[in-house]
Amino acid sequence: MENLTEKPIGQIVAEDYRTAQIFKNHKIDFCCQGNRSIQEAADKKKLDAQVLINEIKAVQQGKQEGTIDFKSWPLDLLADYIEKKHHRYVEEKIPVLKPYLEKLCKVHGERHPELFEITEHFNKSAGELAAHMKKEEIILFPAIRKMVQAKQTGSKLEKPHFGTVQNPIQMMMVEHETEGERFRLIDELSNNYTPPQDACNTYRVTFALLQEFENDLHRHIHLENNILFPNSAQLEMELSSEN
Ligand SMILES: [Fe+2]
Ligand SMILES: [Fe+2]
(Lines give C-alpha, C1' and ligand atoms only; values in the text may rest on other atoms or scores of the structure.)
(Ligands and ions follow the chains in the order given, each with its own letter.)
Protein backbone atom coordinates (compact mmCIF):
# COMPACT_ATOMS: atom_id res chain seq x y z
CA MET A 1 0.00 0.00 0.00
CA GLU A 2 1.22 3.53 -0.76
CA ASN A 3 3.05 5.64 1.78
CA LEU A 4 0.58 8.22 3.01
CA THR A 5 2.72 10.23 5.43
CA GLU A 6 3.76 12.92 2.95
CA LYS A 7 0.60 12.92 0.89
CA PRO A 8 -1.44 16.16 0.96
CA ILE A 9 -4.66 15.67 2.92
CA GLY A 10 -6.75 17.47 0.25
CA GLN A 11 -5.60 14.88 -2.25
CA ILE A 12 -6.52 12.01 0.05
CA VAL A 13 -10.04 13.40 0.40
CA ALA A 14 -10.20 14.07 -3.36
CA GLU A 15 -9.49 10.40 -3.99
CA ASP A 16 -12.02 9.15 -1.49
CA TYR A 17 -14.42 11.62 0.04
CA ARG A 18 -15.32 9.24 2.86
CA THR A 19 -11.96 10.01 4.45
CA ALA A 20 -13.24 13.56 5.07
CA GLN A 21 -15.01 12.34 8.17
CA ILE A 22 -11.70 11.24 9.69
CA PHE A 23 -10.23 14.73 9.33
CA LYS A 24 -13.44 16.25 10.64
CA ASN A 25 -13.34 14.01 13.69
CA HIS A 26 -9.82 15.22 14.44
CA LYS A 27 -10.75 18.82 13.61
CA ILE A 28 -8.24 18.96 10.77
CA ASP A 29 -9.12 21.36 7.98
CA PHE A 30 -8.86 19.43 4.70
CA CYS A 31 -10.41 22.05 2.44
CA CYS A 32 -8.74 25.42 3.02
CA GLN A 33 -5.53 23.83 4.24
CA GLY A 34 -5.66 20.74 2.07
CA ASN A 35 -2.11 21.15 0.82
CA ARG A 36 -0.60 20.02 4.14
CA SER A 37 0.73 16.49 4.42
CA ILE A 38 -0.66 14.03 6.96
CA GLN A 39 2.54 14.44 8.94
CA GLU A 40 2.22 18.23 9.07
CA ALA A 41 -1.46 18.10 9.96
CA ALA A 42 -0.83 15.51 12.67
CA ASP A 43 2.12 17.48 14.14
CA LYS A 44 -0.03 20.60 14.33
CA LYS A 45 -2.69 18.72 16.31
CA LYS A 46 -0.09 16.87 18.39
CA LEU A 47 -1.38 13.58 17.03
CA ASP A 48 0.48 10.49 15.97
CA ALA A 49 0.39 10.47 12.15
CA GLN A 50 0.13 6.70 12.23
CA VAL A 51 -3.26 6.90 13.96
CA LEU A 52 -4.59 8.98 11.08
CA ILE A 53 -3.00 6.71 8.50
CA ASN A 54 -4.56 3.61 10.04
CA GLU A 55 -7.99 5.20 10.03
CA ILE A 56 -7.57 6.29 6.40
CA LYS A 57 -6.41 2.85 5.33
CA ALA A 58 -9.39 1.24 7.05
CA VAL A 59 -11.73 3.48 5.04
CA GLN A 60 -9.81 2.94 1.81
CA GLN A 61 -9.82 -0.82 2.19
CA GLY A 62 -13.55 -0.77 2.64
CA LYS A 63 -13.90 1.28 -0.53
CA GLN A 64 -17.22 0.54 -2.13
CA GLU A 65 -18.40 0.96 -5.64
CA GLY A 66 -20.37 4.12 -6.06
CA THR A 67 -17.94 6.53 -4.43
CA ILE A 68 -18.10 9.41 -6.85
CA ASP A 69 -14.76 10.03 -8.48
CA PHE A 70 -15.00 13.79 -8.98
CA LYS A 71 -11.39 13.95 -10.10
CA SER A 72 -12.24 12.15 -13.32
CA TRP A 73 -15.12 14.49 -14.18
CA PRO A 74 -14.84 17.04 -16.98
CA LEU A 75 -14.39 20.46 -15.38
CA ASP A 76 -17.52 21.98 -16.92
CA LEU A 77 -19.59 19.15 -15.43
CA LEU A 78 -17.96 19.67 -12.04
CA ALA A 79 -18.68 23.42 -12.18
CA ASP A 80 -22.32 22.66 -13.05
CA TYR A 81 -22.54 20.15 -10.24
CA ILE A 82 -21.10 22.57 -7.66
CA GLU A 83 -23.49 25.27 -8.79
CA LYS A 84 -26.58 23.09 -8.82
CA LYS A 85 -25.83 21.11 -5.69
CA HIS A 86 -23.84 23.30 -3.34
CA HIS A 87 -24.67 26.86 -4.40
CA ARG A 88 -28.39 26.10 -4.49
CA TYR A 89 -28.10 24.39 -1.11
CA VAL A 90 -26.58 27.52 0.45
CA GLU A 91 -29.27 29.68 -1.13
CA GLU A 92 -32.04 27.42 0.15
CA LYS A 93 -30.79 27.01 3.69
CA ILE A 94 -29.91 30.61 4.53
CA PRO A 95 -33.55 31.79 4.63
CA VAL A 96 -34.40 28.74 6.76
CA LEU A 97 -31.60 29.20 9.26
CA LYS A 98 -31.84 32.96 9.72
CA PRO A 99 -35.32 33.04 11.33
CA TYR A 100 -34.46 29.99 13.47
CA LEU A 101 -31.38 31.73 14.83
CA GLU A 102 -33.33 34.94 15.42
CA LYS A 103 -35.92 33.01 17.39
CA LEU A 104 -33.25 31.26 19.44
CA CYS A 105 -31.65 34.58 20.34
CA LYS A 106 -34.99 35.98 21.46
CA VAL A 107 -36.00 33.00 23.54
CA HIS A 108 -32.68 31.65 24.85
CA GLY A 109 -30.23 34.52 24.32
CA GLU A 110 -30.31 35.59 27.92
CA ARG A 111 -29.19 32.21 29.24
CA HIS A 112 -26.99 31.42 26.25
CA PRO A 113 -25.39 34.68 25.09
CA GLU A 114 -23.13 32.79 22.66
CA LEU A 115 -26.22 32.51 20.43
CA PHE A 116 -25.88 36.20 19.56
CA GLU A 117 -22.31 35.67 18.44
CA ILE A 118 -23.21 32.57 16.43
CA THR A 119 -26.00 34.49 14.72
CA GLU A 120 -23.71 37.40 13.95
CA HIS A 121 -21.13 35.10 12.35
CA PHE A 122 -23.78 33.24 10.40
CA ASN A 123 -25.39 36.40 9.05
CA LYS A 124 -22.01 37.72 7.98
CA SER A 125 -21.28 34.44 6.28
CA ALA A 126 -24.68 34.40 4.57
CA GLY A 127 -24.07 37.81 2.99
CA GLU A 128 -20.51 37.11 1.94
CA LEU A 129 -21.24 33.63 0.60
CA ALA A 130 -24.01 35.01 -1.61
CA ALA A 131 -21.57 37.51 -3.14
CA HIS A 132 -18.83 34.88 -3.38
CA MET A 133 -21.00 32.40 -5.25
CA LYS A 134 -22.19 35.10 -7.65
CA LYS A 135 -18.56 35.85 -8.54
CA GLU A 136 -17.97 32.17 -9.24
CA GLU A 137 -21.15 31.88 -11.30
CA ILE A 138 -20.67 35.07 -13.31
CA ILE A 139 -16.89 35.24 -13.71
CA LEU A 140 -14.92 32.11 -12.88
CA PHE A 141 -17.15 29.19 -13.86
CA PRO A 142 -18.04 30.61 -17.31
CA ALA A 143 -14.29 31.08 -17.93
CA ILE A 144 -13.73 27.41 -17.00
CA ARG A 145 -16.52 26.29 -19.34
CA LYS A 146 -14.96 28.34 -22.15
CA MET A 147 -11.61 26.64 -21.61
CA VAL A 148 -13.19 23.19 -21.72
CA GLN A 149 -14.92 24.15 -24.96
CA ALA A 150 -11.71 25.50 -26.48
CA LYS A 151 -9.99 22.25 -25.60
CA GLN A 152 -12.79 20.16 -27.12
CA THR A 153 -13.07 22.13 -30.34
CA GLY A 154 -9.40 22.96 -30.69
CA SER A 155 -10.30 26.62 -31.02
CA LYS A 156 -8.16 29.47 -29.78
CA LEU A 157 -8.93 30.68 -26.28
CA GLU A 158 -9.45 34.40 -25.92
CA LYS A 159 -7.66 35.84 -22.93
CA PRO A 160 -10.23 36.70 -20.24
CA HIS A 161 -10.48 40.30 -19.06
CA PHE A 162 -9.00 39.28 -15.70
CA GLY A 163 -5.84 37.97 -17.38
CA THR A 164 -5.52 34.45 -16.04
CA VAL A 165 -7.91 32.20 -14.09
CA GLN A 166 -5.29 32.19 -11.35
CA ASN A 167 -6.49 35.68 -10.36
CA PRO A 168 -10.13 34.90 -9.54
CA ILE A 169 -9.02 31.52 -8.14
CA GLN A 170 -6.69 33.24 -5.67
CA MET A 171 -9.46 35.58 -4.64
CA MET A 172 -11.95 32.73 -4.18
CA MET A 173 -9.47 30.77 -2.08
CA VAL A 174 -8.89 33.71 0.25
CA GLU A 175 -12.65 34.01 0.67
CA HIS A 176 -12.95 30.27 1.36
CA GLU A 177 -10.40 30.68 4.10
CA THR A 178 -12.48 33.45 5.69
CA GLU A 179 -15.62 31.31 5.63
CA GLY A 180 -13.77 28.29 6.93
CA GLU A 181 -12.54 30.36 9.86
CA ARG A 182 -16.00 31.75 10.57
CA PHE A 183 -17.46 28.26 10.76
CA ARG A 184 -14.63 27.12 12.97
CA LEU A 185 -15.75 29.82 15.38
CA ILE A 186 -19.42 28.83 15.09
CA ASP A 187 -18.40 25.23 15.72
CA GLU A 188 -16.48 26.29 18.81
CA LEU A 189 -19.17 28.63 20.16
CA SER A 190 -21.84 25.96 19.73
CA ASN A 191 -19.66 23.37 21.47
CA ASN A 192 -19.45 21.38 18.29
CA TYR A 193 -23.19 21.82 17.66
CA THR A 194 -24.17 20.27 20.97
CA PRO A 195 -27.47 21.72 22.23
CA PRO A 196 -27.48 22.46 25.97
CA GLN A 197 -29.45 20.33 28.44
CA ASP A 198 -32.36 22.78 28.52
CA ALA A 199 -32.61 23.02 24.71
CA CYS A 200 -36.03 23.01 23.08
CA ASN A 201 -36.76 21.38 19.73
CA THR A 202 -36.05 24.54 17.75
CA TYR A 203 -32.65 24.70 19.40
CA ARG A 204 -31.87 21.12 18.38
CA VAL A 205 -33.13 21.54 14.84
CA THR A 206 -31.17 24.77 14.38
CA PHE A 207 -27.91 23.25 15.59
CA ALA A 208 -28.40 20.14 13.44
CA LEU A 209 -29.08 22.36 10.42
CA LEU A 210 -26.06 24.55 11.15
CA GLN A 211 -23.86 21.49 11.37
CA GLU A 212 -25.24 20.18 8.08
CA PHE A 213 -24.57 23.61 6.57
CA GLU A 214 -20.96 23.52 7.70
CA ASN A 215 -20.47 19.98 6.37
CA ASP A 216 -21.91 20.94 3.01
CA LEU A 217 -19.68 24.01 2.90
CA HIS A 218 -16.60 21.89 3.60
CA ARG A 219 -17.45 19.52 0.80
CA HIS A 220 -18.20 22.45 -1.53
CA ILE A 221 -14.93 24.23 -0.77
CA HIS A 222 -13.04 20.96 -1.04
CA LEU A 223 -14.36 20.32 -4.56
CA GLU A 224 -13.29 23.81 -5.59
CA ASN A 225 -9.95 24.15 -3.80
CA ASN A 226 -8.66 20.64 -4.36
CA ILE A 227 -10.14 19.62 -7.71
CA LEU A 228 -11.84 22.32 -9.79
CA PHE A 229 -9.36 25.14 -9.23
CA PRO A 230 -6.02 23.33 -9.64
CA ASN A 231 -7.30 21.41 -12.66
CA SER A 232 -8.59 24.60 -14.27
CA ALA A 233 -5.24 26.31 -13.76
CA GLN A 234 -3.61 23.26 -15.30
CA LEU A 235 -5.98 23.33 -18.29
CA GLU A 236 -5.25 27.01 -18.83
CA MET A 237 -1.53 26.24 -18.93
CA GLU A 238 -2.06 23.43 -21.41
CA LEU A 239 -4.15 25.66 -23.65
CA SER A 240 -1.69 28.53 -23.57
CA SER A 241 1.18 26.23 -24.52
CA GLU A 242 -0.87 24.89 -27.45
CA ASN A 243 -1.72 28.36 -28.77
FE1 LIG B 1 -18.71 27.68 -4.86
FE1 LIG C 1 -16.16 29.01 -3.62
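Order of listing sets the numbers, starting from 1, for every ligand and every atom in it. Keep in mind that the numbers below use all heavy atoms, side chains included, and drop hydrogens, waters and symmetry copies. Worth saying up front: this structure is predicted, and the values here are computed from it rather than measured.
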Query raised in the report: With sequence neighbours left out, what residues match Asp198 under salt bridge (Lys or Arg N to Asp or Glu O under 4.0 Å)?
Result: Arg111
Report summary line: Sorted by chain and number, sequence neighbours left out, salt bridge (Lys or Arg N to Asp or Glu O under 4.0 Å) with Arg204 holds for none
Report task. Please test Cys32 against Glu181 for side-chain contact (heavy atoms from CB on, under 4.5 Å), starting from the C-alpha separation and ending with a verdict. Result -> CA-CA 9 Å; Cys32 293; Glu181 181 51 33; over 6 Å; no
Report task. Decide yes or no on side-chain contact (heavy atoms from CB on, under 4.5 Å) for Thr206 and Lys103, but give the supporting numbers first. Result -> CA-CA 10 Å; Thr206 310; Lys103 192 177 165 197; over 6 Å; no
Query raised in the report: Taking the Fe ion (ligand 1) as the center, what protein N, O or S atoms are found at less than 2.8 Å?
Result: His87 NE2, Glu136 OE1, His220 NE2, Glu224 OE2
Query - Where at least one partner belongs to residues 140-165, residue pairs that pass ring-ring contact (aromatic ring centres under 6.0 Å, His included), sequence neighbours excluded - result: His87-Phe141
**Report entry** Side chains of His26 and Glu55, donor plus acceptor under 3.5 Å
**Finding:** yes
